[in-house]
Number of protein chains: 2
Amino acid sequence: MEPATLKDIARELNISVSTVSRALRDSYEINPETKRLVMECAARLHYRPNPIALSLKGSSSKAIGVIVPQIANYYFSQAINGIEEVANQRGYDVLIFQTHEAYDREVANLRQAVARRVDGLLISLSSETNNVSHLQELQQQGTPIVQFDRVSAALDTPRVVADNFAGAFAATEHLLLSGRRRIAHLTIQPWLSITQERLAGYRAALEKHGVPYDESLVRFGTFGPDEVGPLVDELLALEPRPDAFFTASDRLAVGCLAALRQLRIAIPGQVSLIGFTNLTVADMLAPSLSTVEQPATEIGRVAVGRLLDLIEKKHRAAPPSTVTIPTTLVVRESSGGVG
Amino acid sequence: MEPATLKDIARELNISVSTVSRALRDSYEINPETKRLVMECAARLHYRPNPIALSLKGSSSKAIGVIVPQIANYYFSQAINGIEEVANQRGYDVLIFQTHEAYDREVANLRQAVARRVDGLLISLSSETNNVSHLQELQQQGTPIVQFDRVSAALDTPRVVADNFAGAFAATEHLLLSGRRRIAHLTIQPWLSITQERLAGYRAALEKHGVPYDESLVRFGTFGPDEVGPLVDELLALEPRPDAFFTASDRLAVGCLAALRQLRIAIPGQVSLIGFTNLTVADMLAPSLSTVEQPATEIGRVAVGRLLDLIEKKHRAAPPSTVTIPTTLVVRESSGGVG
DNA sequence: TTGTAAGCGTTATCAT
DNA sequence: ATGATAACGCTTACAA
C-alpha cells in the first residue's frame with residue numbers, strides 16, 4: 001500500500017501526469033469528465049500529494065518550524081499542544097526544535113528549519129539571545145515569522161504574548177488589597193520582555209497604592225533548584241521583613257513554597273504567595289499557591305493562526321501587530337496550613 | 001545567504017555536479033586535489049546537503065517520527081527531550097505527532113509520517129489502540145519501528161520501557177514493610193502494558209508478604225480531575241479502610257493527595273501515598289508524596305538510540321529485544337503534615 | 001482541452 | 001578521474 005503518485009493515476013487513466021495534476025487543482029480549462037475521472041481515481045487510490053516533492057519544487061512544504069527553549073516545561077508543552085492542534089487542522093506538519101536557552105542552538109535550529117524548507121516559523125527566544133540578526137535574515141528571505149511569549153522588539157513580526165503587565169498588576173494589587181506592603185518579587189532574566197512587563201505591572205500596582213518601590217525586594221536570575229531557598233532566607237532576613245512573595249515562574253513558585261514550608265511559615269497566615277504559573281502546577285501546590293494563569297495553549301493557537309494566515313497571505317496588508325492574551329488571577333487561600 | 005547547493009560549488013569550481021557529489025562522500029577513485037578543492041569550497045559556502053532532495057531521491061530523509069499520546073505531559077515531554085537530544089546529535093530531525101489517545105489520530109499521524117518519508121518511527125501507543133495492523137503494515141514496508149513506554153506484544157519491534165514491575169514491587173513492598181496492609185491501587189486502563197506490569201508487581205509484593213489480593217482495592221480507569229476525589233472517598237469507606245494508596249500516574253497521585261488533604265488525613269500518619277510520578281511533580285508535592293521515579297528522559301534516549309542503530313543497520317542481525325530501564329523508589333516522609 | 005518538457009537538489013548508472 | 005543523464009513526485013510554462 002505504497003502511497004499513490006500522480007503517475008499511478010495517469011497510468012491508470014491513460015492520460016498524462018500534467019493533466020492529472022491540473023485536474024486536481026485548476027478547475028478551468030479542463031474537461032469536467034476527465035476531472036471527474038481523475039478525482040474518482042485519486043480517491044480510490046488514496047492519493048495524497050507528496051509534501052516532499054512539493055517542498056523540493058519550491059512551492060510550499062506544508063510544514064512550520066517551532067523553536068522553543070525547552071519542551072519539557074509545562075508552559076511550552078502546552079503552547080506546542082495548541083500549535084499542533086491548529087496546524088494539523090489546517091493541514092500543516094510541525095517541526096519542533098529546542099534551543100535549551102542557548103543562542104548557538106537557536107541559530108543551528110534555524111538552519112535546520114531552513115533546510116527543511118518550512119513555510120513559516122514560530123519562535124520563543126532563548127534567554128541567551130540578544131541579537132536577532134539570524135531571524136531578520138530569514139525574514140528578509142521571505143519566511144513569515146511570528147514571535148510568542150519571549151519576544152524581541154528588534155524583530156519586526158507579529159507577536160503573541162500573555163498580558164504580563166495586567167497579570168502582574170492584578171497579582172500585586174490583590175496582595176496590597178489584602179494588607180500586604182512588603183512584596184518581594186522573584187523573577188527571571190531582566191532583559192527578557194516578559195520580565196520587564198511583569199516588573200512594570202508590579203511597579204504600577206505599588207505606585208497606585210502609594211507603596212514605594214524597594215529594589216532590594218526584587219531579585220533577578222536563573223536560579224537553580226538549590227538557590228531559591230537561600231534567596232528566600234535572605235529576603236526574609238530583611239528589615240522590615242517581606243510579607244508576600246510574587247514569583248515569575250513555576251520553578252520559582254515551587255522553590256519559594258518549599259523554602260517557606262521548611263521555615264514553617266504559614267501561608268497565607270504570615271506570608272502570601274502568588275506565582276506566574278500554570279494552573280496544573282498550581283493545582284498540585286494547592287491550596288497554598290495563588291496563581292496568575294497563563295493561557296499557554298491559547299497563545300499557541302493564536303500564534304500559529306497568525307502565522308498560517310501570513311503564510312497563506314490572508315492579511316498581506318495587515319501590519320505586524322501584537323496580540324495580548326489575557327491572564328487570569330486565581331486566588332486560593334482555602335487553608336492556613338503550611339502546605 | 002540562501003543555502004548553497006552542489007550546483008553552486010560545481011559552478012564555482014568549473015566542474016560537474018556529479019564530481020562534487022562524489023568528492024563529498026566517496027573517497028576512492030577521485031582526485032585528491034579535486035577533493036580538497038571541493039571540500040574547501042563546500043566549507044566556505046556553508047554547504048549542507050538538502051534533506052528534502054535526499055528524501056525525494058529515496059535514500060534517507062534524516063528525519064524520524066515520534067508519535068505520543070500527549071506532548072503536554074511531564075512524562076512524554078521529558079521523553080521527547082531525550083529523543084531530541086540524541087537524534088539531533090546524530091544528525092536527525094524529529095517530527096512530533098500527538099494522538100490525543102485516539103486511534104484514528106494515531107493512524108492519521110502514521111500517514112503523515114509516511115508522507116514525510118521518515119527514516120524510522122518511535123511510538124508510544126494511544127490508550128485506544130488495540131489493533132496494531134497499521135504499524136505492522138508500515139513495518140513490512142521496511143520502516144524501522146521502536147516502541148517505548150506503552151507497548152504492544154502484537155507488534156514485533158524492539159521495546160524500551162521502564163521497569164514497571166520492579167517499581168510497583170518496590171513501592172508496594174515499602175508500604176508493606178512500614179506496616180501497611182490495605183494498599184489501594186489506583187491505576188489507568190487495564191489493557192495497557194504498563195498497567196499490567198505494575199499490577200503484577202503490586203500483586204507479587206503482596207504475595208511475598210502474605211497479604212491476600214483484594215480486587216476491591218484496585219481501580220482502573222481514565223479518571224477526570226473531579227472523579228478521583230469521589231473514588232478516594234469510596235475506597236476510604238471500605239471496611240477495613242485502606243491504609244495506603246499506590247497510584248499509577250501524576251494525575252492520580254495529585255488527585256489522591258488533594259482528596260486526602262480535604263479529608264484532613266495526615267500523610268504518612270494515617271495513610272501512605274506512593275505514586276508512579278515524575279520527580280519534578282513529586283518535588284512539588286513534597287514532602288507528602290513518595291514516588292516511583294520513571295526515567296523518562298533516559299527512556300527517550302535509549303529508544304531513539306536503538307531506532308537510529310536500526311536505521312543505520314548497525315545491528316541488522318540483532319533480534320527485537322526489550323530494554324528495561326530501572327525505576328527508582330524515592331521515599332519522602334519528612335513531615336507529618338497533610339501537605 | 002491535453003500533452004511535453006524543464007526544473008527543484010541529489011545520487012546512481014553509464015559513458016568517456 | 002570525471003562528466004552527462006536519468007530518476008525521485010510535482011508544478012508550470014509552452015506547445016499542440
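Keep in mind that the numbers below use all heavy atoms, side chains included, and drop hydrogens, waters and symmetry copies. Order of the sequence lines sets the chain letters (A, B, ...), proteins ahead of strands, with each chain counted from 1.
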J.: For the side chain of A/Glu128 and the backbone of A/Tyr103, is there at least one donor-acceptor N/O pair under 3.5 Å apart?
T.: yes

J.: Taking atom types as modelled, find out whether A/Thr324 and A/Arg159 have a side-chain donor-acceptor pair closer than 3.5 angstrom.
T.: no

J.: Could you tell me whether A/Ile52 contacts a base, only the sugar-phosphate backbone, or nothing, with contacts defined as non-hydrogen atoms closer than 4.0 Å?
T.: nothing

J.: Report for the helix from C/dT1-D/dA16 to C/dT16-D/dA1: angle between first-end and last-end helix axes, five pairs each, rounded to 10 degrees.
T.: 60°

J.: Go through it in stages, so that I can follow the logic: the residues are A/Thr157 and A/Leu310, the test is side chain to side chain contact (heavy atoms under 4.5 Å, CB included), and I'd like the CA-CA distance, side-chain angles, deciding distance and then a yes or no.
T.: CA-CA 11 Å; A/Thr157 70; A/Leu310 230 51; over 6 Å; no

J.: Assuming nearest nucleotide by heavy-atom distance, tell me which of A/Arg22 and B/Leu56 is located more 5' along DNA chain D.
T.: B/Leu56

J.: Specify the residue among B/Ile15 and B/Gly58 whose closest nucleotide of DNA chain D lies further upstream toward the 5′ end.
T.: B/Ile15

J.: Between the side chain of A/Gln78 and the main-chain N/O of A/Thr297, is any donor-acceptor distance below 3.5 Å?
T.: no

J.: Side chain of A/Asp119, backbone of A/Ser61: donor and acceptor closer than 3.5 Å?
T.: yes

J.: Under the 3.5 angstrom rule, does the side chain of B/Ser55 hit a backbone N or O of B/Pro51 as a donor-acceptor pair?
T.: yes

J.: Okay, side chain of A/Gln136, backbone of A/Ala154: is any donor-acceptor separation there less than 3.5 Å?
T.: yes

J.: Under 4.0 Å between a Lys/Arg side-chain N and an Asp/Glu carboxylate O for A/Asp93 and A/Arg116?
T.: no

J.: Going 5' to 3' along DNA chain D, which nucleotides are the first and last within contact of chain A (any atom under 4.0 Å from a heavy atom)?
T.: D/dC8 to D/dC14

J.: Of all nucleotides in DNA chain C that come within under 4.0 Å of a heavy atom of chain A, which is furthest toward the 5' end and which toward the 3' end?
T.: C/dT1 to C/dG9

J.: With a non-hydrogen cut-off below 4.0 angstrom, is A/Ser21 in contact with a base, only sugar-phosphate, or nothing?
T.: base

J.: Indicate, with a heavy-atom threshold strictly under 4.0 Å, whether A/Thr34 touches base, sugar-phosphate, or nothing.
T.: sugar-phosphate

